[in-house]
Novice: 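The structure follows.
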Amino acid sequence: AEQNNHASYSDILNVRGGHINVLRGLLPFVWLTERPDLKLRVVLAFIALIAAKLVTVAVPLAFKAAVDWLTDSASGSAAVYLAAIPAMLIVAYGAGRVLMVALAQLRDVLFTRVAQNAVRALANQTFRHLHRLSLRFHLERKTGGLSRVIERGIKGIELIVRMIVLNSVPTVLEFALIAGMMAWYFGWEFVAIVVAT
């Protein structure tokens with residue numbers, strides 16, 4: 001029953017199929033059907049990821065608003081308003097930076113248990129696979145040396161899961177948000193230049 005819920009061991013090891021097949025093999029370990037608590041953590045981690053990226057993209061808008069307000073108000077408003085509004089916008093910038101870091105840390109905390117569960121399940125599956133091998137395999141090979149290889153493989157899988165979820169997906173999301181902002185403020189020509197760059 002456990003193997004029906006997860007990808008088979010040979011499917012995960014089949015890297016000849018490309019990176020997409022490796023990710024497709026690892027996905028059932030991250031999104032477990034029998035663990036709604038881990039599914040909730042994945043959803044909350046993605047919400048924190050999206051919120052952090054929205055704050056990241058909004059921070060330059062706070063500076064834009066401060067500069068725009070100073071430029072518009074330079075024609076003779078009261079000095080108190082002239083200093084107070086940009087100061088509040090600069091404080092908003094600082095709060096945005098702190099919020100961005102806090103949301104990124106929250107995302108890491110939420111996803112850690114999911115990643116550790118995936119690594120533990122893969123290590124268990126590897127261990128079971130190793131013990132199902134024939135006695136001849138164990139007699140002809142240095143089985144003790146396999147533990148080092150297995151440990152490296154587990155660390156590699158953990159790195160793949162963390163890099164995809166906590167690095168690649170946020171980078172793609174941030175790029176999409178920035179491309180949308182550039183298209184809104186400057187036009188699609190600038191987006192094409194950024195994409196080409």
Side-chain angles (χ1 to χ4, degrees), residues 1-58 95-135 137-138 141 143-180:
E2 182 181 345
Q3 286 183 335
N4 292 338
N5 293 332
H6 301 305
S8 71
Y9 186 73
S10 60
D11 290 342
I12 294 169
L13 290 179
N14 184 14
V15 293
R16 287 174 288 192
H19 299 300
I20 300 298
N21 286 341
V22 171
L23 295 177
R24 193 176 300 138
L26 291 174
L27 183 63
F29 291 95
V30 174
W31 189 260
L32 294 169
T33 56
E34 68 272 3
R35 294 285 306 267
D37 60 323
L38 293 180
K39 281 180 159 181
L40 178 64
R41 283 180 168 270
V42 170
V43 169
L44 292 175
F46 272 106
I47 290 171
L49 182 148
I50 291 169
K53 291 307 167 188
L54 288 174
V55 170
T56 301
V57 171
R97 295 291 295 175
V98 169
L99 186 61
M100 177 186 68
V101 171
L103 286 169
Q105 294 299 319
L106 176 65
R107 175 199 66 197
D108 289 348
V109 167
L110 288 170
F111 194 74
T112 297
R113 185 172 288 172
V114 176
Q116 290 301 312
N117 186 67
V119 168
R120 184 175 56 245
L122 280 164
N124 188 17
Q125 192 170 355
T126 303
F127 187 72
R128 289 173 187 258
H129 177 76
L130 184 63
H131 283 277
R132 281 194 302 267
L133 295 174
S134 67
L135 178 62
F137 173 83
H138 292 287
R141 303 237 191 315
T143 308
L146 285 176
S147 66
R148 189 172 62 248
V149 173
I150 291 169
E151 183 181 348
R152 287 181 189 161
I154 296 300
K155 287 185 187 232
I157 289 170
E158 182 179 7
L159 181 68
I160 289 171
V161 169
R162 283 196 156 282
M163 291 302 285
I164 292 297
V165 173
L166 302 179
N167 195 354
S168 299
V169 171
T171 302
V172 169
L173 179 64
E174 187 173 356
F175 184 77
L177 289 171
I178 290 172

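From a predicted model like this one, the values you see are computed outputs, not experimental measurements. The chain is numbered in sequence order, starting from 1.
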Novice: Is there side-chain contact between R107 and L103, with heavy atoms separated by less than 4.5 Å?
Specialist: no
Novice: CG/L177 to NZ/K53 distance, rounded to the nearest 0.5 angstrom?
Specialist: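 That separation rounds to 9.0 Å.
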Novice: Verify, without hydrogens or angle tests, whether R41 (side chain) and F111 (backbone) share a donor-acceptor contact under 3.5 angstrom.
Specialist: no
Novice: In Å, rounded to the nearest 0.5 Å, how long is the span from OG1 of T56 to CD1 of I178?
Specialist: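 Separation between the atoms: 8.5 Å.
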Novice: So, for L110 and A45, which heavy atoms are closest and what is the spacing to 0.1 Å?
Specialist: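 Closest pair (atom of L110, atom of A45, distance): CD1-N, 3.8 Å.
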Novice: Between CG of L106 and CG of L49, what distance do you get to the nearest 0.5 Å?
Specialist: 11.0 Å
Novice: Distance check, rounded to the nearest 0.5 Å: Q125 atom CD versus R120 atom CZ?
Specialist: 14.0 Å
Novice: Ignoring hydrogens and geometry beyond distance, is a side-chain donor-acceptor pair present between R128 and N124 at under 3.5 Å?
Specialist: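 Side-chain D/A pair, R128 to N124: present.
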Novice: Testing the basics here: between A104 and A52, what is the closest heavy-atom pair and its distance to 0.1 Å?
Specialist: N-CB, 4.2 Å
Novice: Would you say that more than 12 heavy atoms from the other residues, nucleotides or ligands in this model lie under 6.0 Å from the CZ of R113, or not?
Specialist: no
Novice: When rounded to the nearest 0.5 angstrom, what is the spacing between CG in N117 and OG1 in T112?
Specialist: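 That separation rounds to 12.5 Å.
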